[in-house]
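Structure first, then comments.
Within every chain, numbering begins at 1; the chains are lettered A, B, ... in the order of the sequence lines, protein sequences first and strands thereafter. Just so you know, these numbers come straight off a predicted model, no measurement behind them.
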2 protein chains.
Amino acid sequence: MALLRAHATLTRQMDANLQAEHELTINDYEVLLALARAPERRMRRVDLAERVLLTQSGITRLLQGLERAGFVERADCPTDRRVVYAQLTDGGYERLREASRTHLDDIRSLFAARFSGGELESLDVLLGRVLEGDSDTDCAIPD
Amino acid sequence: MALLRAHATLTRQMDANLQAEHELTINDYEVLLALARAPERRMRRVDLAERVLLTQSGITRLLQGLERAGFVERADCPTDRRVVYAQLTDGGYERLREASRTHLDDIRSLFAARFSGGELESLDVLLGRVLEGDSDTDCAIPD
DNA sequence: TGGCCATACTTGCGTCCTCAAGCTTTGTCC
DNA sequence: GGACAAAGCTTGAGGACGCAAGTATGGCCA
């Protein structure tokens, strides 16, 4: 299956670059990005987990790292005491912007090196179909 | 990036199925498959590592598991005493055949459910381009 | 109000994998 | 032939993640 190898090759590259230049995992990056676009830059942990395809325990531990680094803070929910929001800090937002500069370049060069614009589009359409319902897979950071 | 989510979704599914029904990881499966098609059903560990995109230490430990299970044996190389072949056993070959029955069905249903034949083909061509040089990404087991 | 299941989250434990360091064997270059 | 780098492999330490179990809160229904 080409998909398996294709993905492994590409993410390995992105992950290595992100980690070398910004000390962030791909999942770290995806979480920061998700938070940056969420209303008030906060999300419930459950929703984050679904967003980046981790389990809840995975999210708990990933956020522990981001909290230690000061990129994310815990925030209680006034209406439901079970939930603990993950709240993006200004520092976290800054780090995301820095990281995005080189990360987007990485992505562009990894893909653009191998595909034409039209091909990219059909790829996106095809792969998008794997993800039945959920949209929101582009790369921009709000603001 | 659709590719990231597409891959995570699909492999998670395949891996879960493989492990539930045959107690094999995707990587276990890929290694057995690679060995089944190699000349004399054996490969150097270095080459295996490159084939399934793991590090050498990753392969060492993965093979430890397969050796314990009796699917693979260590075999010395007469001309270069540094290399230790991974040699597929008859038991390993049998297990691969069993696993492939349901695994191929999984793959087919996961993909065929979402793509037409023509789409599959273009997907394959596009993704194949990510893997510059190496071919050999189909699924058949020899013999 | 009290019982009971569902939801949100955390924690303990195990697995898979990587990185860095180390060992042995091989090839090369003087 | 001997030094020395390179190749093949293993090992120790640690990271990321899943699963299952545990805690706390919320919603529901009698």
Side-chain angles (χ1 to χ4, degrees), chain A residues 4-5 7-9 11-20 22-32 42-69 72-87, chain B residues 4-5 7-9 11-20 22-32 42-69 72-87:
Chain A
L4 293 182
R5 296 174 64 71
H7 173 267
T9 307
T11 56
R12 209 164 292 259
Q13 196 65 41
M14 295 190 216
D15 209 358
N17 290 345
L18 261 181
Q19 233 160 322
H22 305 285
E23 293 184 335
L24 289 177
T25 307
I26 280 203
N27 279 338
D28 290 339
Y29 184 90
E30 293 286 327
V31 162
L32 293 181
R42 73 172 63 168
M43 276 202 207
R44 304 193 314 161
R45 283 151 139 75
V46 193
D47 300 330
L48 259 180
E50 197 198 0
R51 179 72 170 68
V52 295
L53 296 176
L54 289 185
T55 59
Q56 285 199 24
S57 59
I59 281 292
T60 293
R61 292 189 231 269
L62 192 159
L63 286 177
Q64 280 168 2
L66 294 178
E67 286 158 12
R68 259 197 304 278
V72 167
E73 285 171 350
R74 300 173 62 94
D76 290 340
C77 170
T79 68
D80 185 339
R81 296 225 293 264
R82 289 172 304 179
V83 340
V84 184
Y85 284 118
Q87 171 78 56
Chain B
L4 293 182
R5 297 175 63 74
H7 173 266
T9 306
T11 54
R12 209 165 292 260
Q13 196 66 40
M14 295 189 216
D15 209 358
N17 290 345
L18 261 182
Q19 232 160 323
H22 305 285
E23 293 185 334
L24 289 177
T25 307
I26 280 203
N27 279 338
D28 290 338
Y29 184 90
E30 293 287 328
V31 162
L32 292 181
R42 74 173 61 167
M43 277 203 207
R44 303 192 313 161
R45 283 149 140 76
V46 192
D47 299 330
L48 260 180
E50 196 198 2
R51 180 71 170 69
V52 296
L53 296 176
L54 289 185
T55 57
Q56 285 199 25
S57 58
I59 281 291
T60 292
R61 292 189 228 270
L62 192 160
L63 286 178
Q64 280 167 0
L66 294 178
E67 285 158 12
R68 259 197 305 278
V72 167
E73 286 172 349
R74 301 174 60 94
D76 290 340
C77 170
T79 68
D80 185 338
R81 294 225 296 263
R82 290 172 302 180
V83 340
V84 184
Y85 284 118
Q87 171 77 55

Closest non-hydrogen atoms of B/Tyr85 and B/Asp76, given as atom of the first, atom of the second and distance, are CD1-O, 4.0 Å

Between A/Leu24 and A/Asp15 the two heavy atoms that sit nearest each other are O-OD1, 4.2 Å

Rounded to the Å, how far apart are [X] [atom1] and [N] [atom2]?
X       : N      : atom1 : atom2 : value
B/Leu48 : D/dT10 : CG    : P     : 11 Å
B/Leu62 : D/dC9  : CG    : P     : 14 Å
B/Asp76 : C/dT24 : CG    : C1'   : 13 Å
B/Leu54 : D/dC9  : CG    : P     : 14 Å
B/Asp15 : C/dT15 : CG    : P     : 15 Å
A/Leu63 : D/dA16 : CG    : C1'   : 14 Å
B/Glu67 : D/dC9  : CD    : C1'   : 12 Å
A/Tyr29 : D/dA16 : OH    : P     : 19 Å

A/Thr25 vs A/Leu18, side chain to side chain contact (heavy atoms under 4.5 Å, CB included): CA-CA, chis, key distance, verdict: CA-CA 7 Å; A/Thr25 307; A/Leu18 261 181; over 6 Å; no

List, one per line, each side-chain donor-acceptor pair under 3.5 Å for residues 55-62 of chain A, sequence neighbours excluded.
{"unit_1": "A/Thr55", "atom_1": "OG1", "unit_2": "A/Ser57", "atom_2": "OG", "d": "3.2"}
{"unit_1": "A/Thr55", "atom_1": "OG1", "unit_2": "A/Gly58", "atom_2": "N", "d": "3.1"}
{"unit_1": "A/Thr60", "atom_1": "OG1", "unit_2": "A/Gln56", "atom_2": "O", "d": "3.2"}

B/Thr55 vs C/dT18: side-chain N/O to OP1/OP2 distance below 4.0 Å: yes

Taking only side-chain nitrogens and oxygens of A/Asn27, does any of them come within less than 4.0 Å of OP1 or OP2 of D/dC17? yes

Can you tell which of B/Arg45, B/Arg51, B/Arg44 makes a side-chain hydrogen bond (donor to acceptor under 3.5 Å, both in side chains) with B/Asp47? B/Arg44

Heavy atoms of other groups near A/Gln19 CD, more than 12 under 6.0 Å: yes

Can you confirm whether A/Gln64 is buried at CD, in the sense that more than 12 heavy atoms of other residues, nucleotides or ligands lie under 6.0 Å from that atom? yes

A/Arg81 vs A/Gln19, nearer the 5' end of DNA chain D by closest nucleotide: A/Gln19

Between the protein and nucleotides 8-11 of chain C, list the N/O to N/O atom pairs that are separated by less than 3.5 angstrom.
{"unit_1": "C/dA8", "atom_1": "OP1", "unit_2": "A/Arg44", "atom_2": "NH1", "d": "2.7"}
{"unit_1": "C/dA8", "atom_1": "OP1", "unit_2": "A/Arg44", "atom_2": "NH2", "d": "3.0"}
{"unit_1": "C/dC9", "atom_1": "OP1", "unit_2": "A/Arg45", "atom_2": "N", "d": "3.3"}
{"unit_1": "C/dC9", "atom_1": "OP1", "unit_2": "A/Val84", "atom_2": "N", "d": "2.9"}
{"unit_1": "C/dC9", "atom_1": "OP1", "unit_2": "A/Val84", "atom_2": "O", "d": "3.2"}
{"unit_1": "C/dC9", "atom_1": "OP2", "unit_2": "A/Arg45", "atom_2": "N", "d": "3.2"}
{"unit_1": "C/dC9", "atom_1": "OP2", "unit_2": "A/Val46", "atom_2": "N", "d": "2.6"}
{"unit_1": "C/dT10", "atom_1": "OP1", "unit_2": "A/Arg74", "atom_2": "NH1", "d": "2.5"}
{"unit_1": "C/dT10", "atom_1": "OP1", "unit_2": "A/Arg74", "atom_2": "NH2", "d": "3.0"}
{"unit_1": "C/dT10", "atom_1": "OP2", "unit_2": "A/Arg45", "atom_2": "NE", "d": "2.9"}
{"unit_1": "C/dT10", "atom_1": "OP2", "unit_2": "A/Thr60", "atom_2": "OG1", "d": "2.7"}

